[in-house]
Amino acid sequence: MPLPYHERTHDCGALRASDVGKTVLLAGWVDNFRDLGGMVFVDLRDRGGITQVRFDPTTDPRAHEVARALRSEYVIVVRGEVVHRGDKVNPNLPTGEIEVKAHEIDLLSKSKTPPFMIADDIETNEDLRLENRFLDVRRTPVRRALMLRHRITKTIRDYFDRHGFLDIETPILTKSTPEGARDYLVPSRLQHGSFYALPQSPQLFKQLLMIGGLDRYMQIARCFRDEDLRADRQPEFTQVDVEMAFVQPENVMQHIEACMAEVAEAAVGVEVPLPLPRISYADAMRKYGRDAPDLRYDMTIKDVTAAVAGAEFNVFRDAVAAGGVVRCIVLTGGASMTRKETDGLTEEIKGIGAGGLPLVKVADEGGKTVFQTGIAKFIDTDTIRPKVLEASGARPGDLILFAAGTEANVSKYLGWLRTTLAERRGLIPKDQWAFCWVVDFPLFGYDEEARAIYPMHHPFTSPKDEDLHLMRVGDPELPPREDLLKVRAKAYDLVLNGIELGGGSIRIHRSDVQARMFQILGLSEEDARAKFQFLMEALQYGAPPHGGIALGLDRTVMLFGGFSSLRDVIAFPKNARAVCPLTDAPSVVTREQLKDLGLDRLHE
RNA sequence: GGGGCUGUAGCUCAAUUGGUCAGAGCGCCGGCCUGUCACGCCGGAGGUUGCGGGUUCGAGCCCCGUCAGCCUCGCCA
């Protein structure tokens, strides 16, 4: 009689010494087998873990005979007795105190030899793993990632459910949304020549839900963007999408940080102190050189513009004369860097656009602190040196690295140096979870090349109340550019360990302000209507003040799981060329399919 | 679209300056083995060196092209 595999009593990670004496039914895959000639040991694996099963020819000859023919990844079901291993416990296994003495076994399914070993620590090329993802997910790290992802999404859903948010689905076949990425298009069979777009985000729909009076919305939403990929970018990805009515930024931030604290607790068992620190965009750029600061370590950027005033160093002098700044970071103990190392850094920073890398080493010379090498001959004077030391906080043994020029460039270079040096010199503490909010973003940016004002976030972002006057709503004249660049937005980004988890804003709910916004962006009323017609219309029927946020779920799981690629936390990811190695999508379709859609194959 | 790295057995890799270099470990197959848990021991099979072309007496190695994978800039919140 076949064993009733549908009546499993435990999973393969469940049994402990307290279960000794029980008769159990386990099913799973052969992880490993050791045939000692007489005794056969099988490590049986399922989602729960691994249990050793023993086959003894003297007591169960028939089961033993079947067991001898087992191979890796065969699927079996066994019935037997839980016995204690005595002095043979395996401390490496949670179930290592016991084993199952099998009395009966059924072979349910054979397996070809897998193309790679199903082991935790294999170093196989990722392509092969993705082609055989159904085997890859049998490995503990992959399974652990997917289980963590489930735990996190479940925590998020529970949080929002508890706080009155409605989980509402929005269309996948839709119209292009305002984000700037390329759309994935889906041709219409019923209207040849027309296309749906897959949503880059549910942005407009969630705003409509607020205007519709649903008050609180959330969705774990799939989003699509047809751009080139990176380790942290996939063509389809998942956002935790949230929107609330009658709120200011603080309301949204408080919910999100409370939710993320629960996620951190559930994912890594860490208690995140609330409220999270808030840093203005301007401060983040000035102190950390990035709009997504990594607060796990210090090494902040210091301003030395005043301290180096009067230095006979043209790079500094020209920068200040042009209205720029001189700033630096201090690398503690960096004076031990060799000339080769600092030259290498110089080359690298030139690669991101810097003209060079001015630096000095700080040394102690007979009780006196002095600057050496680099640009020491320009700034190692009794007037400048003390001021630089004071402003930078540098001490003997340190290395001071400078950048001079426009604020934006100086931030870029020093921000790069800060993160690069911290990474390479191991200054980043492990197992820390440094969240922060970056707030007070500029509403507009200016694209030097296109000579155009563009929205930093998206065109529905509300200005801060105290900056609204700068937009001169109602005035036929457009405000000057420098005024516009001063306008701060009701926008906020959530950052974890220097990586942006997501961002959001309070939206414009006044149709006159929204119209002004489009005007400033150079979008004609017709363009705006063509693109966002339904939202423009809706805004005229009593739109409540509303706002929300979108968080990258994949990135969140990646960070909490300690992974370095989004592919590690997605069940069936695409590769760097947006191909699914498992299904081989995208693929060619038949002529008939094209004909139905009114499409012709393009010839290059 | 640009740049970089990689491609040798099922997997991970090695092969000095171009010269018996087609190799190792794991896996796989067969045999032996009653306390293994990375079991052990003995034996065996397995290769279009990504693909195409070129240089050369001779190419895994050099050159050109091409394909694929990864990283990255552009692009993209």
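In the text below, chain A, chain B and the rest are named by the order of the sequence lines, each starting its count at 1. In this text, all values refer to a predicted model and were calculated from it rather than measured experimentally.
Looking at Arg54(A), its side chain has no donor and acceptor atom pair within 3.5 Å of the base of C37(B). Between the side chain of Asp228(A) and the base of G74(B), at least one donor-acceptor pair of N or O atoms lies under 3.5 Å.
With RNA chain B read from its 5' end, the first of the two nearest nucleotides for Asp43(A) and Gly502(A) is the one closest to Asp43(A). Checking Arg34(A) against Gly37(A), the closest nucleotide of RNA chain B that is more toward the 5' end is the one next to Gly37(A).
Under the 4.0 Å criterion applied to side-chain N and carboxylate O atoms, Glu81(A) and Arg54(A) are not assigned as salt-bridge partners.
Put simply, Arg577(A) has a side-chain N or O that comes within less than 4.0 Å of OP1 or OP2 on A68(B).
Within residues 487-500 of chain A, the residues having any heavy atom under 4.0 Å from RNA chain B are, by residue number, Glu500(A). Near RNA chain B, defined here as any heavy-atom distance below 4.0 Å, the residues from residues 547-572 of chain A are Arg567(A), listed numerically.
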Legend entry - Heavy-atom protein contacts under 4.0 Å, nucleotides 23-30 of chain B, coded B base, S sugar-phosphate only, - none: ---SSSSS

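Rounded to whole Å, the distance from CZ on Phe116(A) to C1' on C13(B) is 18 Å. When the C1' atom of C37(B) is taken as reference, atom CG of Asp87(A) falls 14 Å away, rounded to whole Å. Ile118(A) has its CD1 atom 13 Å from the P atom of C11(B), to the nearest Å. Counting to the nearest Å, the C1' atom of A77(B) and the CZ atom of Phe460(A) are 16 Å from each other. One atom, CZ of Phe441(A), and another, C1' of A77(B), lie 10 Å apart when rounded to the nearest Å. One interatomic measurement links the two molecules: CZ of Arg129(A) to P of C11(B), which rounds to 14 Å at whole-angstrom precision. One can place CD of Glu99(A) at 9 Å from C1' of U36(B), the figure rounded to the nearest angstrom.
Side chains of Thr170(A) and Gln219(A): a donor on one and an acceptor on the other come within 3.5 Å.
When distances are taken from the side chain of Glu227(A) to each of U34(B), C76(B), U12(B), the shortest belongs to C76(B). Between C75(B), C71(B), C33(B), one nucleotide has an atom nearer to the side chain of Arg182(A) than all others, and that is C75(B). With distances taken from any side-chain atom of Leu128(A) to the nucleotides C11(B), A77(B), C37(B), the minimum falls on C11(B).
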